[in-house]
Number of protein chains: 2
Amino acid sequence: MATISDVAARAGVSTATVSRALNGKSTVDPELAARVQAAATELGYHPNSLARNLRRQETAVLALIIADVENPFFTAIARGFEDIAQTAGYSVVLCNTDENEEKERRYINVALQERVAGVVLSPSGPSTDVKSLRERGTPIVAVDRPLPDGTGDQVLVDSRRAAHTAAKHLLDNGYRRIACVTGPPGIRTADERLAGYQDALREAGLSNDLFRRAEYRAGGARQPALELLDDPRPPDALIAANSMIALDVLQALAERKLRPGRDIGVVTFDDPTWAKLIDPPLTVMAQPAYDIGAIAARMLLDRIADTSLAPASRMLEASLVQRASSRRT
Amino acid sequence: MATISDVAARAGVSTATVSRALNGKSTVDPELAARVQAAATELGYHPNSLARNLRRQETAVLALIIADVENPFFTAIARGFEDIAQTAGYSVVLCNTDENEEKERRYINVALQERVAGVVLSPSGPSTDVKSLRERGTPIVAVDRPLPDGTGDQVLVDSRRAAHTAAKHLLDNGYRRIACVTGPPGIRTADERLAGYQDALREAGLSNDLFRRAEYRAGGARQPALELLDDPRPPDALIAANSMIALDVLQALAERKLRPGRDIGVVTFDDPTWAKLIDPPLTVMAQPAYDIGAIAARMLLDRIADTSLAPASRMLEASLVQRASSRRT
DNA sequence: TTGTATGCGTTATCAA
DNA sequence: TTGATAACGCATACAA
């Protein structure tokens, strides 16, 4: 592997000049710069970022620590984030915590050790600890969920209001016994979606305690959904707090031979590609996932550029996409 | 940020001893080791991997360069890969090329500059260039598709045979005019799936030229699928070369008011979660995606441990999962 | 068993 | 404008 001194030797200049030439400093003779360029390409020289970063005390790497790569909501965030980061010359390290605090802790540590320039994460829960990152001054942006202490830069969606909208929509369509499968306690979006659902039913004077908690990951919501369906006073509609839960809910519905829309109203958070393909197509509360990623990226870049900025907080809205699964027929 | 010399000073020993103690070398007095540990935790010391890696000339990072984070096939690979890499103490950098050769080139460069310990990639096409990695001796494992020169470690699926199986299945179920939407020319899996389809139809003495090429990404296959459906002699069955194409095919079917199974047989490669949820459930050629990732990880670790190993090549099989979309009714 | 001293490849400082 | 040199933080060869 060619080093800077190999290039220097070949070009007949000092390493300092090579460094300057390759980094496009203006203070270098054009002819020398050309010679350096030639030597570099001839040798197939690639600067060693390890050494460069050690010297510069910074890296051009951003860490994106998300809860679940198999959840389309998060991969959409990743795309938005990546698109912006790319154009700013940063590369993105995608880390998957699996909604697991141990894995999250490990990745935060990796981010710290690798001295990444910034971190975006969707905190896995109330015990998420970013103290180490903060002490080092690594910029952090929370997405989807706030950090436990609620401070710092963040890009969130008004989940409570969105859940309220979803429940209200079902009420408007004539459903009266509405159930909800939400995520684990302590995860902000799970708690807020539950709260919004409860708000709406309370306002309508209906009972709002027909809900279950489930993992936010695939597989965990089937059993809770079945329990709801088997209630002595079974629901006539169901809200799923994300698309992974929705998969299980639909599975449970199939097992009980219940057809969405006709037999039971269904609304889910998130708008996965398959939502419009199933029969009947699924009514959803679509979150602006791509935008969350893109906004978080810009926020992070701003923060990197100026640490003294006041903490920024963006609250986005989810939008109701009406399809047939919530249409009483 | 505390450094090794801070710890050394606090523990009253030399930096060498700190290094040895923290890296668990046996040649260090237990009492001193304890003092070092104490000092390290008191100072909140985190070793600087930049410096460590520069010194060691290696990193504990593996790069996984995949074609599309939004394709469940690739995220499943990522999970398999990550699970194995984790247990071996490596962290995984996930890079998304978007089936784009420019992005791929950039990420290969990043991997090179960051001196990652190894790379797994799904080559974007015939112009994929890993020369730079090879020159440096960075271990590489190709997944899903071989490298252009076909050499080196690889984990593939027998696509041609799988496509043959899929077409044969449709023939066995009585379909006679079978069409195929495959990926771009030059992408091995796309070409092989087409070839396998053609093999089967030729063997049956049927015409095998009712096919179209499309992007492997969402959105690109709708138009080609519509063209097939509007053929003067329209197909009575359709094979999609991956699940992203399948999404578009189903969309096209809906536009032409064709119901899978009843009006037209459908089989797709890959088994996304939504396949069993749609109505009718989709017959698929399931690829062992998680295993591909896990096997590639082990192969890469073996290669890192011993560069002189003979190149390994694993060929896995896809399996037919019969559901209702290919059942003539 | 411990400490001293050196070098990994780069960039920044300072003189020339 | 260029070059010599120090320093980034760590791990190791070698000496003690």
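Labels below follow one simple rule: chain letters A, B, ... track the order of the sequence lines, proteins then strands, and each chain is numbered from 1. Just so it is clear, the model here is predicted, and its values are computed rather than measured.
Along DNA chain D, read 5' to 3', the first and last nucleotides having any atom under 4.0 Å from a heavy atom of chain A are D/dT1 to D/dG9. Scanning DNA chain C 5' to 3' for nucleotides with an atom closer than 4.0 angstrom to a non-hydrogen atom of chain B gives a first and last hit of C/dT1 to C/dG9.
At distances below 3.5 Å, at least one donor-acceptor pair connects side-chain atoms of B/N71 with backbone N or O atoms of B/F73. For the pair B/S122 (side chain) and B/A67 (backbone), a donor-acceptor distance under 3.5 Å is present. Under the 3.5 Å distance criterion, the side-chain polar atoms of B/Y216 are matched with a main-chain donor or acceptor of B/A190. B/S14 contributes a side-chain N or O that, together with a main-chain N or O of B/T17, makes up a donor-acceptor pair within less than 3.5 Å.
Of all the residues in residues 49-57 of chain B, B/L54, B/R55, B/Q57 reach under 4.0 Å from DNA chain C with at least one non-hydrogen atom.
Checked by atom type, the side-chain pair B/R52/A/Q113 shows no donor-acceptor distance below 3.5 Å.
With sequence neighbours left out, B/E114 forms a side-chain hydrogen bond (donor to acceptor under 3.5 Å, both in side chains) with no residue at all.
Looking at B/I108 and B/D129, their side chains never come closer than 4.5 Å, going by heavy atoms from C-beta outward.
At most 12 non-hydrogen atoms from other residues, nucleotides or ligands lie less than 6.0 angstrom from CZ of B/R188.
Residue B/V18 is classed as having no contact, given no heavy-atom separation below 4.0 Å to the nucleic acid. Within the nucleic acid shown, A/T17 comes within 4.0 Å of sugar-phosphate atoms alone, with no base atom in reach, counting heavy atoms only.
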Donor-acceptor list for residues 30-44 of chain B side chains, cut-off 3.5 Å, not counting sequence neighbours:
unit_1	atom_1	unit_2	atom_2	d
B/R35	NE	B/A11	O	3.2
B/R35	NH2	B/A11	O	2.9
B/T41	OG1	B/Q37	O	3.1
B/T41	OG1	B/A38	O	2.9
B/E42	OE1	B/R10	NE	2.6
B/E42	OE1	B/R10	NH2	2.5

Per-pair distances, 0.1 Å, donor-acceptor, side chain in residues 308-315 of chain A, under 3.5 Å, sequence neighbours excluded:
unit_1	atom_1	unit_2	atom_2	d
A/S308	OG	A/D306	OD1	2.6
A/S313	OG	A/Q154	OE1	3.3

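Of the two residues near DNA chain D, A/T15 and A/V28, the one whose nearest nucleotide lies more 5' is A/V28.
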